[in-house]
Structures are given as structure tokens and as C-alpha cells.
There are 2 protein chains.
Amino acid sequence: MFRIGELANRHGINTDTLRFYEKHGLLQPSARQDNGYRAYNQADDQRLAFILRAKSVGFSLGEIAELLSIEVDKANRVCSDVKELVDEKLVKVSEKIAELERFRQSLQILSDGCCGGPHSAEHCTILQALESFEPDDMQPSYSK
Amino acid sequence: MFRIGELANRHGINTDTLRFYEKHGLLQPSARQDNGYRAYNQADDQRLAFILRAKSVGFSLGEIAELLSIEVDKANRVCSDVKELVDEKLVKVSEKIAELERFRQSLQILSDGCCGGPHSAEHCTILQALESFEPDDMQPSYSK
DNA sequence: CTTGACCTTGGAGTAGACTCTAAGCTTTAT
DNA sequence: ATAAAGCTTAGAGTCTACTCCAAGGTCAAG
Ligand SMILES: [Zn+2]
Ligand SMILES: [Zn+2]
Ligand SMILES: [Zn+2]
Ligand SMILES: [Zn+2]
């Protein structure tokens, strides 16, 4: 049995984070001590490890909640349930990468065109581009 | 001279967004009509276009404010001032891409290891990985 | 017995970029 | 004349993932 500080410490996180996860339904301590302190057991520790691993591969807390709900009901769930979540996330991450890649390319083009020296900004190609390019000539940001 | 609705319409944005930009110092209407309505002129229209183009290459509103402060004082600024902002952003965007690429790779490995079929989730390699692998060791269940 | 570390709670603050609401005035169309 | 559309303001709400704060209870050490 660990108290909140011990558990937080073992995982290198803040006690506030643990209370935050609790409030959002991700991790309830399995018991309370007589004095009201949260009491976490081995299973809680493993659940937290699961949460942190899922975070480390990019899942949001909301997505982790879905993953956990499958995990605790494994026996009645199938691979496709799990893989679907992973693949949906893969799509979201890939789309975000694609958007950032467009930004990167546009910024690189902007950067490459500018001398970067003590040249007056009145003729700076970066400012000129931002002043007059047509939106279609630049990669538009996608709106969700 | 345009009223707020017209300007918003011409640029495909919301009037609230225009008021928001104003409150945050990005775009002040050059005048007010007698009835108190905001009156935007051609220069305001161009400044808005600048803002939207900068947004489309990934700049945040705070960064756009910096860009604008250089733009309006072009004569006393130099290329390096401008390029510096672009290059800093390029670094930030590249870092974010790198992080997302790591997520993508981990997710891909997770996805590849799972059959995705009607197989019981009790033996799902994705759940097993999240339950027990160290984040750095995330590997497919089979080796290629 | 007091100090200090650790725990409790509810609630507020942060960042970013809007988006919406309420209450009310102005203009346009019927 | 009246209703719809558009404008005004200040301020609140949204989303994500914490992080911090205040006021106070608990516990081991000196
Ligand atoms: Zn130059
Ligand atoms: Zn330049
Ligand atoms: Zn399977
Ligand atoms: Zn599986």
C-alpha cells in the first residue's frame, strides 16, 4: 500500500497530477486509510504505469480512458476494439504531422529567401510574402 | 470602408474573431462610424490578410504580433530581425514534428503487432505492451 | 510540545484561440 | 410599424493537462 506521495514519487509525477487523474476517472485509489489518506495498491500502481505508457505514445487522457475501459473488460473485448483506437490515433497523429510539415516547408521557403543580414526590412522577402502572397500559394492551415 | 461583418465575410472568419484580435492588439479598426460601429479601411484589410497568412504558415497570435511590430516599423528594421523569428519558429515546428514522429512510430509498432480481428483482447499485444513494456522498449510482439 | 513533512478539500489560475451569451442600440426590409 | 439582421459591450465558457493555493487535519521526530 502506498500513500499518494510515494506513488507519485515512484513514477516521477506530482501528487496533484494523481488527484487530477482521480477526478477525471482515470485512477481511483483502491482504498482510504482510517485517517482519510488515499491508499494505492499494486494494481493501482500498474494501472498508473499503463496510463503513463499510453501517454508516452501520444494518447490524450480521454483516449486513455477509452483504452482503460477496454483493458478492465478484456475478457469481453476483442483485438479489433483495441487496434481501432490505436489506428484512429495513428491517423490523427499523421494528420497533425502533415499539417506541421506544411508549416515547416512554408517556413523553410520563407527563411531561404531572406538574406538574414543587416539589409533593411523594407525589402525583406519574408515580409513581402506575408503581405502579398495569395492564400493558395501558401499552405493553408487546416481548420478542424 | 467595411463594417465588421463585411470584413469577416471577405476573409471567411467570424466577427468575434475580429473583436478578439482587436482586444489582443493585432488589428484595430482605423475608425468608428458615428453610430459606434467599427470602420475598417483598405489598410486594415491588408493587415488582416497579413495576419491570416502568418497563421497559415503556423505562427501563433503572439508571434504574429511580433511580426507585425516589425512590419509597421520596417524602415528601421533589418532582415535578420525577421528571419530570426522565422527560424525560431522553424525550430519549434521541427521539434514538435519530431515528437509526433516518435508517437507515430510507437503507435505503428503497436498496431502492427495486433491481429485486429475477433481475437479476445486478453491476449492482445497492444494491451500487453501498455501493461508491461517500458516505453523505450516498445517493440512488436514478433521480430522481423 | 512544537516543528516539519505529508495529507485532506474545494476552487482558482495557466496557456491559446476562440466562441458564445446577454442586454441593448441601429439599420434595413416589409 | 415591426421584425429581422447587424452592431455594441463586458464577461463567461470551451478544451487540455495540469499546477498552485488556502485552510486545516495527521503523524513521527526531537
Ligand atoms: Zn535581406
Ligand atoms: Zn529578409
Ligand atoms: Zn489478436
Ligand atoms: Zn490485439
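Quick note on labels: first sequence line is chain A, next is B, and so on, each numbered from 1.
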Q: Summarise protein proximity over nucleotides 15-20 of chain D in one line of letters, 5' to 3': B for base, S for sugar-phosphate only, - for none, counting protein heavy atoms closer than 4.0 Å.
A: --BBBB
Q: Name all residues meeting the side chain to side chain contact (heavy atoms under 4.5 Å, CB included) criterion together with B/N35; count only those two or more places apart in sequence or in a different chain, and write none if there are none.
A: B/Q33, B/Y37
Q: Atom CD1 of B/I51 to atom P of C/dG16: distance rounded to whole Å?
A: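 Answer to the nearest Å: 17 Å.
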Q: List the residues meeting salt bridge (charged side-chain N to carboxylate O under 4.0 Å, His left out) with B/E99, not counting sequence neighbours, and say none if there are none.
A: B/K96
Q: Could you work out, with side chain to side chain contact (heavy atoms under 4.5 Å, CB included) as the rule, every residue matching B/T15, not counting sequence neighbours?
A: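 For B/T15 the side chain to side chain contact (heavy atoms under 4.5 Å, CB included) partners, ignoring immediate neighbours, are B/I4, B/A8, B/R19.
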Q: What is the separation between atom CZ on A/R32 and atom P on C/dC6, rounded to the nearest whole Å?
A: 19 Å
Q: Just to verify, what does A/H11 make a side chain to side chain contact (heavy atoms under 4.5 Å, CB included) with, not counting sequence neighbours?
A: A/L7, A/I13, A/D45, A/L48, A/A49, A/L52
Q: Tell me which pairs pass salt bridge (Lys or Arg N to Asp or Glu O under 4.0 Å) where either residue lies in residues 112-121 of chain A, with sequence neighbours left out.
A: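 Of all non-adjacent pairs touching residues 112-121 of chain A, none passes salt bridge (Lys or Arg N to Asp or Glu O under 4.0 Å).
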Q: Mind grabbing the angle between the end helix axes of the helix from C/dC1-D/dG30 to C/dT30-D/dA1? Five pairs an end, 10° rounding.
A: 30°
Q: Using whole Å, report how far CD of A/Q33 lies from P of C/dT8.
A: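 Atom-to-atom, A/Q33 to C/dT8, this comes out as 9 Å.
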Q: Can you check whether B/R38 has a side-chain N or O nearer than 4.0 Å to OP1 or OP2 of D/dC7?
A: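 So the side chain of B/R38 is outside the cut-off, no N or O lying under 4.0 Å from OP1 or OP2 of D/dC7.
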Q: When you check the phosphate oxygens OP1 and OP2 of C/dT8, does a side-chain N or O of A/R19 lie under 4.0 Å from one of them?
A: yes
Q: Nearest-Å distance, CD (B/E22) to C1' (C/dC18)?
A: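 Checked: the CD to C1' distance equals 15 Å.
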Q: What pairs with B/E122 under salt bridge (charged side-chain N to carboxylate O under 4.0 Å, His left out), at least two apart in sequence or on another chain?
A: none
Q: Can you check the B/I4 CD1 to C/dC18 P distance for me, whole Å?
A: 14 Å
Q: Could you check how far CG of B/D34 sits from P of D/dT8, rounded to whole Å?
A: 14 Å
Q: Ignoring hydrogens and geometry, is there a side-chain-to-backbone donor-acceptor pair from B/T125 to B/G113 under 3.5 Å?
A: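 Present.
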Q: By salt bridge (charged side-chain N to carboxylate O under 4.0 Å, His left out), which residues pair with B/K92, not counting sequence neighbours?
A: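 For B/K92, the residues satisfying salt bridge (charged side-chain N to carboxylate O under 4.0 Å, His left out) (neighbours in sequence not counted) are B/E63.
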Q: For each nucleotide in nucleotides 25-30 of chain C, reading 5' to 3', give B when a protein heavy atom comes within less than 4.0 Å of its base, S when such contact involves only the sugar-phosphate, and - otherwise.
A: -BS---
Q: Output all residues satisfying side chain to side chain contact (heavy atoms under 4.5 Å, CB included) with A/E101, sequence neighbours left out; order by chain, then residue number.
A: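 Scan of A/E101 (side chain to side chain contact (heavy atoms under 4.5 Å, CB included), adjacent residues dropped) gives A/I97, A/R104, B/I97.
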Q: A/E6 CD to C/dC7 P: how many Å, rounded?
A: 8 Å
Q: In the structure I gave you, are the side-chain heavy atoms of A/H123 and B/K74 within less than 4.5 Å of one another anywhere?
A: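 Sidechains of B/K74 and A/H123: no contact.
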Q: Can you name the side-chain hydrogen bond (donor to acceptor under 3.5 Å, both in side chains) partners of A/R77, sequence neighbours left out?
A: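 Checked A/R77 against side-chain hydrogen bond (donor to acceptor under 3.5 Å, both in side chains); matches are A/D81.
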